[in-house]
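Notes for the one structure printed next.
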Amino acid sequence: RVAQDQLVQASKLSALGEMSAGISHELNQPLATIRNFAENGLKFLERGRVDEAKDNLGRISGQVQRIDQIIRNLRSFARKEDENVEPVDLVRTVEHALSLTRSNLEKEGIRLSWDAPSQSAPVLGGEIRLQQVLVNILSNAQDALAGAPEKRITVTLERECGDAVIRISDSGPGVPDPARVFEPFYTTKELGASKGLGLGLSISYGIIGSYGGELSCANQSGGGAVFTIRLPLTEGGGA
């Protein structure tokens, strides 16, 4: 159990390392916006346009809140999480995971499709570990799209027969052997590649199973792979 916990934590830190460039971009955007608003605010004050200067100050405050949210998400994701199982809203969990990976996906020219459902999807689990599963799957989808002519990832969240079901599909070439993707050390990446240890999906499979759920992989008839996460909705959360 101790070894498993150490692997889970190492996997999270490895994912953060891979996302570092995207995280830097994610922080640089609001910082650049703050600088522009500050410079414009000074010009407005010099010209006596106080109301417009106040508006810029309000916009700066909004960007600071955005930076604060990004940093809090990163700290939460990186910390060593206790095994507390509690109600988790999967809609919020998916959106937090996407906020950690969106910049990297955009940098690779990948189009991301996600329409948040209007209704929450409460399940029992650990929010940070569920984010980790999503980040692992999204990172694998990104790698699979490296040479694809069309780069698209679609994320959906639906309710089916008392379960919350997340599907992450891509427009890549598919998986050579979907039945083996959750085996420890199984990987289709180049030997010796920094991301080619083949533990991320195995760890993800164990996390979902520990919450009474199921993680599966299949190839789509139209091309590309789809990963499906199925977790029981909590009492009162069924369809």
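All heavy atoms count here, side chains included; hydrogens, waters and symmetry mates do not.
With sequence neighbours left out, the salt bridge (Lys or Arg N to Asp or Glu O under 4.0 Å) criterion links Asp89 to no other residue. Scored by the salt bridge (Lys or Arg N to Asp or Glu O under 4.0 Å) test, Glu52 finds Arg49 as partners (sequence neighbours excluded). A search for ring-ring contact (aromatic ring centres under 6.0 Å, His included) contacts involving Tyr205 returns Phe182, not counting sequence neighbours. Checked against side-chain contact (heavy atoms from CB on, under 4.5 Å), Pro173 has no partners two or more places apart in sequence or in another chain. Under the rule for a side-chain contact (heavy atoms from CB on, under 4.5 Å), the partners of Asn36 that lie at least two apart in sequence or sit in another chain are Glu39.
In terms of modelled atom types and a separation under 3.5 Å, the side chain of Thr234 and the main chain of Val123 share no donor-acceptor contact. Judged purely by atom type and a 3.5 angstrom limit, Ser61 has no side-chain atom pairing as donor or acceptor with the backbone of Leu57. With hydrogens and angles ignored, the 3.5 Å screen pairs a side-chain donor or acceptor of Asn140 with a backbone N or O of Asn136.
In this structure, Gln142 and Leu105 approach most closely via the heavy-atom pair OE1-CD2, 3.5 Å. The two residues Leu231 and Gly213 have their closest heavy-atom pair at CD2-CA, 3.8 Å. Annotation for Tyr211 and Leu124: closest pair CB-O, 3.7 Å, computed over non-hydrogen atoms. Scanning both residues, Pro232 and Asp163, for their nearest heavy atoms gives CA-OD1, 3.4 Å.
Rounding to the nearest 0.5 Å places CG of Leu215 at 6.0 Å from CD1 of Ile208. With rounding to the nearest 0.5 Å, the separation of CD1 in Ile229 from OG in Ser204 is 7.5 Å.
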Exercise for the section: Apply side-chain contact (heavy atoms from CB on, under 4.5 Å) to the pair Thr93 and Leu134, showing each step before the final yes or no. Expected result: CA-CA 9 Å; Thr93 302; Leu134 294 165; 4.0 Å; yes

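Applying the side-chain hydrogen bond (donor to acceptor under 3.5 Å, both in side chains) test to every pair with at least one member in residues 220-230, sequence neighbours left out, gives these pairs: Glu160-Arg230.
Environment of CZ in Arg35: sparse, with no more than 12 heavy atoms of neighbouring residues, nucleotides or ligands closer than 6.0 Å.
The pair Arg92-Glu127 meets the salt-bridge criterion, since a charged nitrogen lies less than 4.0 angstrom from a carboxylate oxygen.
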